[in-house]
Every structure is written in C-alpha cells, then in structure tokens.
Amino acid sequence: MQTDIERVLFDEPAINRRLDELAQQISNDYRDRELTVIAVLTGSLMFMADLLRRIPLPVKLDCLSVVSYHGKAQTSGEVIFKLATASPSGGGQVALPDVAGRDVLILDDILDSGHTLTAIRDKLETANPCSIHVCVLLSKRKQRARDVEPDYVGFEIEDEFVVGYGLDFMERYRNLPYIGVLGKNCCRNQACDERIVSETLAPLPSQGRGGSNTGAMKVRVQFYAQLRDLIGIRELEVDLSEGATVGDLLDQIYASQPALRLHDKSILIGAGVEFVDRSHKLKHGEEIAIMPPVQGG
Ligand code: IMP
Ligand code: MG
C-alpha cells in the first residue's frame, strides 16, 4: 500500500505538532464555553480523535454522514445527509444533531470544492446555533465552487489528491499514519482531466431480445469523483432496450469498463436527486449518476 504513495506531505510528527497548535488556538478561542463538535464522517475520524484529546474544554460530540453529488445542476441535490449519530432518531428520518443555542465547531478532513461544508453549514444554521465555525485538517489552494472560509486550517495544500490519516481513495488508505499524495497510477486526477470524455455506448449484443427494440431508449450516465477519474469518462450516453433496469445498465457499462465492476458493491446510483437500486426501471432520457460511497467522508 505504501508504494501507492508518490510523496509524503505530512508525517506523524508534523501532524502532531500542528494539532498541538490548532488545539491551543481553539481552546483559547472557546475559553469558558462548552463546545459542540460536529465531525463529518468518515474522513475526519483520526483528526477528530487526536484533536479533541488535546482540548481541555467541556465538549459535546456528534457526527454527520453525507453523500455529495458534485457537479449536479440542482444545488439542493448536491449533498444528501445520510445519517446522524448520538441524536434521538426521528423514526428513521435523518436526525440533525441538536445544536440550538450551542457553539458549534464543524470538523472535516479536507476542503476541496466547498460543496460539502457549505451544505452542512447551511443545514446546521437552520437549527439556531449560537455560533458556527469550521475547522478542516487540510484546505486545497484552488478556486472553489462554493465560498467557504474555514476558521481553522491544519495545512494548506496544492490541488492534488491526498490520502492517509483518515482520508481515502475508494475507502482505502484511511489507516496510513501520514498524509501523502496518491500516485498517478492509482488515481487519475487533475493531470488527466483533459482526457475525461463523453462517449456513447452501444448496446450489448444480448440486449434488445431478438434485436427488435434495441436502442429503444437512451439514458445519460454521469460518473462522479474518483469513479470518473478511474475510467477517465465523465458522461456516457447509453442505448438500452425498453424496460431496462439499472442492473441492465450497469452490466452494459461494466462490459466496456471492467475496472468499475470491482466497485459494484459500493457504488451509489442516483436518479434525479434520489438514490435508486438495481431494480429501478429506466425511462428514456433519464439522467443517472454513478457515485462512490460517502463522498463527503
Ligand atoms: P468538497 O465538497 O469538494 O469540499 O469535498 C469534500 C470531500 O471530498 C472531503 O470530505 C473528502 O471526503 C473528499 N475529498 C476531496 N478531496 C480529497 C482528496 O484529495 N483526498 C481524499 N478525499 C478528498
Ligand atoms: Mg472521502
């Protein structure tokens, strides 16, 4: 696994030194107050555990889990709140942590486009906290899609894909004790963005039962985040037989993109702003999003 890392950016001693400084700063700023920390799962786990143990204030801790639909046109559909812990559940509903009148500090692993933190901040603001501040371990130096100014930043980094110390690529590398840049052979990122293309995928020979209704409908499939990087394709137009399901669509995509099949168990399928399962019947012209799990983590 170590050989997948092109370059170590911050080793354990460097992370520990910076955590000491951050914890000191937060402890001073919140002196004589009780802090309500909302950690964004899963990426912030290590950061949260190590940072909070350095803060000698009364602290309440809650966690949020989100899935982001980056790049989708509908802003409301971009970040879906999956679950909240340590809060009384609203009968299976996503229960937001109770932050009314509290001094909230949102902890996240990395600030990239800003979609995730903007959505979380906006959502928590509706619950009338006394104050909301944002603390991220890493912040990428880049033009962001959303304007977020974090109040506390561990390290600023260039716009490259990093893993370790909680941060993942397809759920791997979170357990590395350092933060490093993932090698280009493991992750096709910015450098390869120009190669990301739109393509049309012809139906599988087995489709269209007898060939009579082959290509009766088209759906547009968009790939997100690491899955897009993995195959180097942003969008596919797929010809399908009438009555085809998401399962049929995936079979067809996997036939031309076998690397995707390895992630079959974990991918999320969005239709509009809803998640759907393999039995979802497709409609002509429908837009389908294929995403990695828990992007906000
Ligand atoms: P944003 O919504 O684009 O700001 O993305 C935030 C989420 O994307 C983070 O919480 C991470 O889970 C993920 N992410 C963005 N950049 C990286 C990276 O370089 N390495 C690992 N995860 C990343
Ligand atoms: Mg992640």
Side-chain angles (χ1 to χ4, degrees), residues 1-65 102-114 116-117 120-121 131-144 148-169 171-184 186-187 189-190 294-297:
M1 186 161 79
Q2 269 73 0
T3 55
D4 299 346
I5 306 301
E6 191 178 277
R7 201 157 23 97
V8 174
L9 289 182
F10 307 106
D11 61 10
E12 262 186 289
I15 294 172
N16 285 331
R17 279 196 302 274
R18 187 65 189 122
L19 289 184
D20 287 342
E21 292 170 358
L22 268 184
Q24 183 70 54
Q25 200 185 343
I26 294 169
S27 305
N28 287 341
D29 292 353
Y30 286 87
R31 203 178 26 236
D32 303 327
R33 285 190 280 168
E34 184 180 68
L35 192 56
T36 297
V37 170
I38 308 286
V40 184
L41 295 174
T42 307
S44 71
L45 271 181
M46 318 276 174
F47 176 44
M48 179 261 287
D50 289 343
L51 181 73
L52 294 192
R53 277 180 291 183
R54 289 168 159 85
I55 297 180
L57 299 175
V59 169
K60 283 185 88 178
L61 172 65
D62 221 318
C63 297
L64 271 184
S65 183
R102 301 196 155 272
D103 291 307
V104 172
L105 182 65
I106 303 170
L107 285 192
D108 204 357
D109 53 357
I110 187 164
L111 176 58
D112 185 14
S113 69
T116 309
L117 278 168
I120 291 174
R121 195 187 182 128
S131 66
I132 297 194
H133 291 92
V134 172
C135 173
V136 291
L137 173 64
L138 302 171
S139 170
K140 289 189 185 175
R141 274 188 213 104
K142 67 188 287 188
Q143 188 80 36
R144 299 193 207 291
V148 193
E149 268 311 315
D151 303 278
Y152 306 94
V153 175
F155 303 99
E156 292 225 340
I157 62 168
E158 295 309 318
D159 188 10
E160 46 193 359
F161 201 85
V162 295
V163 293
Y165 195 65
L167 290 125
D168 74 306
F169 172 63
E171 296 303 323
R172 299 210 177 82
Y173 309 101
R174 293 195 196 275
N175 56 326
L176 292 178
Y178 54 83
I179 297 164
V181 177
L182 194 60
K184 294 282 186 295
C186 303
C187 158
N189 57 13
Q190 287 77 19
V294 192
Q295 247 243 68

Do you know the tightest heavy-atom contact between [X] and [Y]?
| X | Y | result |
| --- | --- | --- |
| Val148 | Gly114 | CG2-O, 3.6 Å |
| Arg54 | Ala23 | CB-CB, 3.4 Å |
| Val153 | Ser139 | CG1-CB, 3.8 Å |
| Pro150 | Val136 | CB-CG2, 4.0 Å |

Nearest-0.5 Å distance that lies between atom [atom1] in [X] and atom [atom2] in [Y]:
| X | Y | atom1 | atom2 | result |
| --- | --- | --- | --- | --- |
| Ile26 | Leu52 | CD1 | CG | 8.0 Å |
| Glu160 | Arg141 | CD | CZ | 10.0 Å |
| Leu64 | Ser44 | CG | OG | 9.5 Å |
| Asp159 | Asp112 | CG | CG | 6.5 Å |
| Leu45 | Leu107 | CG | CG | 10.5 Å |
| Ser113 | Lys142 | OG | NZ | 6.5 Å |

Within the 4.5 Å heavy-atom criterion, are [X] and [Y] side-chain neighbours or not?
| X | Y | answer |
| --- | --- | --- |
| Leu111 | Arg144 | yes |
| Asp168 | Thr42 | no |
| Asp4 | Phe169 | no |
| Ile157 | Ile110 | yes |
| Val40 | Met48 | no |
| Leu138 | Leu167 | yes |
| Ile15 | Asp50 | no |

State which residue, out of Thr36, Leu35, Ile55, fulfils the side chain to side chain contact (heavy atoms under 4.5 Å, CB included) condition with Leu105. Leu35
Test side-chain contact (heavy atoms from CB on, under 4.5 Å) applied to Asp20 and Gln24, step by step: CA-CA 6 Å; Asp20 287 342; Gln24 183 70 54; over 6 Å; no
Checking the side chain of Arg7 only, and the main-chain atoms of Gly180 only, is there a donor and an acceptor separated by less than 3.5 Å? no
Tell me whether Asp151 contacts the main-chain N or O of Val134 through its side chain, where contact means a donor paired with an acceptor under 3.5 Å.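 Yes.
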Determine, stepwise, if the pair Leu182 / Arg172 fulfils side-chain contact (heavy atoms from CB on, under 4.5 Å). CA-CA 11 Å; Leu182 194 60; Arg172 299 210 177 82; over 6 Å; no
Does Ser131 have any side-chain hydrogen bond (donor to acceptor under 3.5 Å, both in side chains) partners at least two apart in sequence or in another chain, and if so, which?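 Scan of Ser131 (side-chain hydrogen bond (donor to acceptor under 3.5 Å, both in side chains), adjacent residues dropped) gives Asp103.
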If the test is ring-ring contact (aromatic ring centres under 6.0 Å, His included), which one of Tyr178, Tyr165, Phe47, Phe10 qualifies with Phe155?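 When ring-ring contact (aromatic ring centres under 6.0 Å, His included) is applied between Phe155 and each of Tyr178, Tyr165, Phe47, Phe10, only Phe10 qualifies.
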Could you list the residues that satisfy salt bridge (Lys or Arg N to Asp or Glu O under 4.0 Å) with Arg18, not counting sequence neighbours?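 Applying salt bridge (Lys or Arg N to Asp or Glu O under 4.0 Å) to Arg18 gives Glu21.
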